[in-house]
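Worksheet: one structure, shown below.
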Protein chains: 2
Amino acid sequence: MAPVTTELTSGARPGTPTLDEVAVLAGVSRATVSRVVNESPKVSPEAREAVQAAIAQLRYVPNRMARSLVTRRTDTVALVLSEPNTQVFSDPFFASIVHGVSAALVDTELTLVLLTARDAREQQKIARFARQGHVDGVVLMSLHSEDLLPDVLSGAGVPLVLCGRPYDGRSVAYVDADNVGGARVATEHLVGLGRRRVATVTGPTDMIAGVDRYTGWQRATADAGRAVDPALVAHGDFTEAGGEAAMARLLDQAPDLDAVFVASDPMAVGALRALRAAGRRVPEDVAVVGFDDAEVARTCDPPLTTVAQPLDLMTGELVELLRRQIEGVAAPAETRTCPTRLVVRGSA
Amino acid sequence: MAPVTTELTSGARPGTPTLDEVAVLAGVSRATVSRVVNESPKVSPEAREAVQAAIAQLRYVPNRMARSLVTRRTDTVALVLSEPNTQVFSDPFFASIVHGVSAALVDTELTLVLLTARDAREQQKIARFARQGHVDGVVLMSLHSEDLLPDVLSGAGVPLVLCGRPYDGRSVAYVDADNVGGARVATEHLVGLGRRRVATVTGPTDMIAGVDRYTGWQRATADAGRAVDPALVAHGDFTEAGGEAAMARLLDQAPDLDAVFVASDPMAVGALRALRAAGRRVPEDVAVVGFDDAEVARTCDPPLTTVAQPLDLMTGELVELLRRQIEGVAAPAETRTCPTRLVVRGSA
DNA sequence: GGGGTCCGTGGAAGCGCTCCCACGAATTTC
DNA sequence: GAAATTCGTGGGAGCGCTTCCACGGACCCC
């Protein structure tokens, strides 16, 4: 009954021109329009020009779904933050990573989308999203040990790079800073300053960065020929408030401490406050070293001596590793550990 | 030459089963499998069961690109943060919005992606992303006046809701807090406390929230029968450092001030610091009111009296308006202005 | 008990795009 | 000058899915 109107079916829907319509207007075939859109060199200048004019006139925008269906690429990568604590979202380190990755991608055809998962349900949703082919790959900031996403994603064959070493030595691509080394250098700096009782405020013990920085402190302490005194250790949660509370505990447990390595800058700022509240001067009475070299390390009082991570390098590697996996030319689980650097300011 | 192998073409690619393969295994047609996947009621229990078993066995995941191609829906919405200053990313208000929108979406079929645009190039990329049909709609936190995205997006017919009133009274859907009213109440509170010289630290004048809160202060000041003294005004940028600097200027311009309305909590924290540095006690010498009721307002010293925005309500409305537009049942440019509430704590 | 309704089902036509393949014309090579 | 190459082009199949339509069987009503 209904005649075959293949040619102009979509002409009925105004506002969304298709390849065919461009082809008709330009007087060429669909294939040629496709070539122009995809910048194939095998098109004569005249044809190219005609097509470009038609595209402009029709305000043609290619339909990505249709394209993806055949190319099996979406030109989209996701940066997934899998973390229950909303506040971590405002951690400057996270903001820097987002910024860096996004900057590394701006000159490519890839678009970055951010996904956050606060609980198992959201993790499921994200896993589905990725498995269904919405993205070509994912950079995962999976911070806690019990996270499901690394398994699900790599199991589903989604190209994946972790930002931060996986908690269990599973075989997966990752990029991380040399947290152990950085913490060690920070602690050695404190020891080298002649401090006798060097305490530490650690990060959460279910995050690898927390564990590694703690390990670095332990090693440096042992190397200095000192006992690892539990009274010199307080666990924080990478937040400013957590750092303040931990520092207060430390002051209580070990009133004679004269230096402290704090495993993140926000926590160090909290520690500074606790120290001030307790009437200790920094650095005279207590020397403080932080970690991250966040913006706040420069502006707080006194400015924070801290361990800087090479963020540009790290985000660059992150993107590089991911792209290689997407291209299919990467070894299964390449890893990078980037060197850190001590930045000496007023606090130690 | 090559025989027609329509049936099993995709069988060659292991690991990504298609509808057809599920259909074959379940002994039904593609159409029936599709019905099961889409939870159509018109399927017999036996067929449904067989299909579900096949799906489980094959670990079948529908290909969203293929589905989108025909349904013209992606079940994805974007939250776009269009803002050059990376630091805003760590503004707790932004984090709260993300959290709220994402929470409002978790029980729906919609997935939220976050997109950030720091410059015109990234804005272009995002515009393309949206126009090409990657998302069903966008929530835009377009904070500055010269942003292109609202125009491009609404021009392209992408369902769009702004978070925050547009700078120029353009006709577009938005949800905003009653910034003018909130600022007014805050200022009136200060006046009601008997303060004679009520200053203000404003937000950036190219952001509508900055402008509106300033307007609220002006109105309240005028209503109190006082002149709007320029010496009582300093412009900040919504950051803590900016607030500190602005407060310092204020102290310089108007040493006799005895109260200040600060247009955001992070700035208020900065102001508190400047005040302490200048030896002024809060609230004895200078009463301070902030805006946002951020986490930090509770933990700072003294706790901040501040204007709370109904975040859950706002994010709920944001999602509601967007969904209605996506369904096609919304008036073109519905708007919501949500009431604010003064939270009195120690600082005023 | 015959004609209507309802319901589950499968066939088939696309959605908009890419890309393989074949084709004719222009160019080169011996 | 004929065969071989190159090059731009168009035809057409197919990516995996949804959905319209038609079909046959079970059911209902008078």
request  = Return the value, rounded to whole Å, for the distance between atom CD of A:E21 and atom P of C:dC15.
outcome  = 11 Å

message = Which nucleotide wins on minimum distance to the side chain of A:R72, given the candidates D:dC15, D:dC17, D:dG10?
response = D:dC15

query = Salt-bridged, B:E317 to B:R324, with N to O below 4.0 Å?
reply = no

remark   = Between CZ of B:R73 and P of D:dC17 the distance, given in whole Å, is 19 Å

request  = Scan A:V28 against the nucleic acid and name what it touches under 4.0 Å (heavy atoms): base, sugar-phosphate only, or nothing.
outcome  = sugar-phosphate

key: Nearest-angstrom distance from the residue atom NE2 of B:H134 to P of C:dC17   = 13 Å

query = So, is B:S34 near the phosphate of D:dT18, with a side-chain N or O under 4.0 Å from OP1 or OP2?
reply = yes

query = Contact class for B:S44 (heavy atom, under 4.0 Å): base, sugar-phosphate, or nothing?
reply = sugar-phosphate

Pairwise 5' ranking along DNA chain C for B:E46 and A:A31, keeping only the more 5' one = B:E46

key: Spacing of A:R30 atom CZ relative to D:dG14 atom P, expressed in whole Å   = 14 Å

query = How close or far is atom P of C:dG11 from atom CG of B:D20, stated in whole angstroms?
reply = 12 Å

task = May I ask you to verify whether the side chain of A:R35 and the base of D:dG10 hold a donor-acceptor pair under 3.5 Å?
result = yes

key: Proximal nucleotide (of D:dC17, C:dT18, C:dC17) relative to the B:L19 side chain   = D:dC17

request  = Take the protein atom CZ of A:R48 and the nucleotide atom C1' of D:dT9, then report the distance between them rounded to whole Å.
outcome  = 13 Å

message = Looking at B:T32, is its backbone amide N or carbonyl O close enough to the side chain of B:K42 to form a donor-acceptor pair, meaning the two atoms are under 3.5 Å apart?
response = no

query = Are A:E320 and A:R336 close enough for a salt bridge, meaning some N to O gap below 4.0 Å?
reply = no

message = Does D:dC15 have its OP1 or OP2 closer than 4.0 Å to a side-chain nitrogen or oxygen of B:N63?
response = no

inquiry  = So A:R64, base contact, sugar-phosphate only, or nothing? Heavy-atom distance under 4.0 Å.
reply    = nothing

request  = On DNA chain D, check which nucleotide each of A:S29 and B:L69 is closest to and give me the residue with the more 5' one.
outcome  = A:S29

note = Per atom distances to the B:K42 side chain, the nearest of C:dC17, D:dT18, C:dG8 is C:dG8

inquiry  = By the definition side chain to side chain donor-acceptor pair (under 3.5 Å), identify the one residue from A:T71, A:D75, A:T74 that meets it with A:R64.
reply    = A:D75

Separation of D:dG16 P from B:M65 CE (nearest whole Å) = 13 Å

request  = Considering just the side-chain nitrogens and oxygens of B:T32, establish if one lies under 4.0 Å of OP1 or OP2 belonging to C:dG10.
outcome  = yes

query = Is it the case that B:R170 and B:S154 place a side-chain donor and acceptor less than 3.5 Å from each other?
reply = no

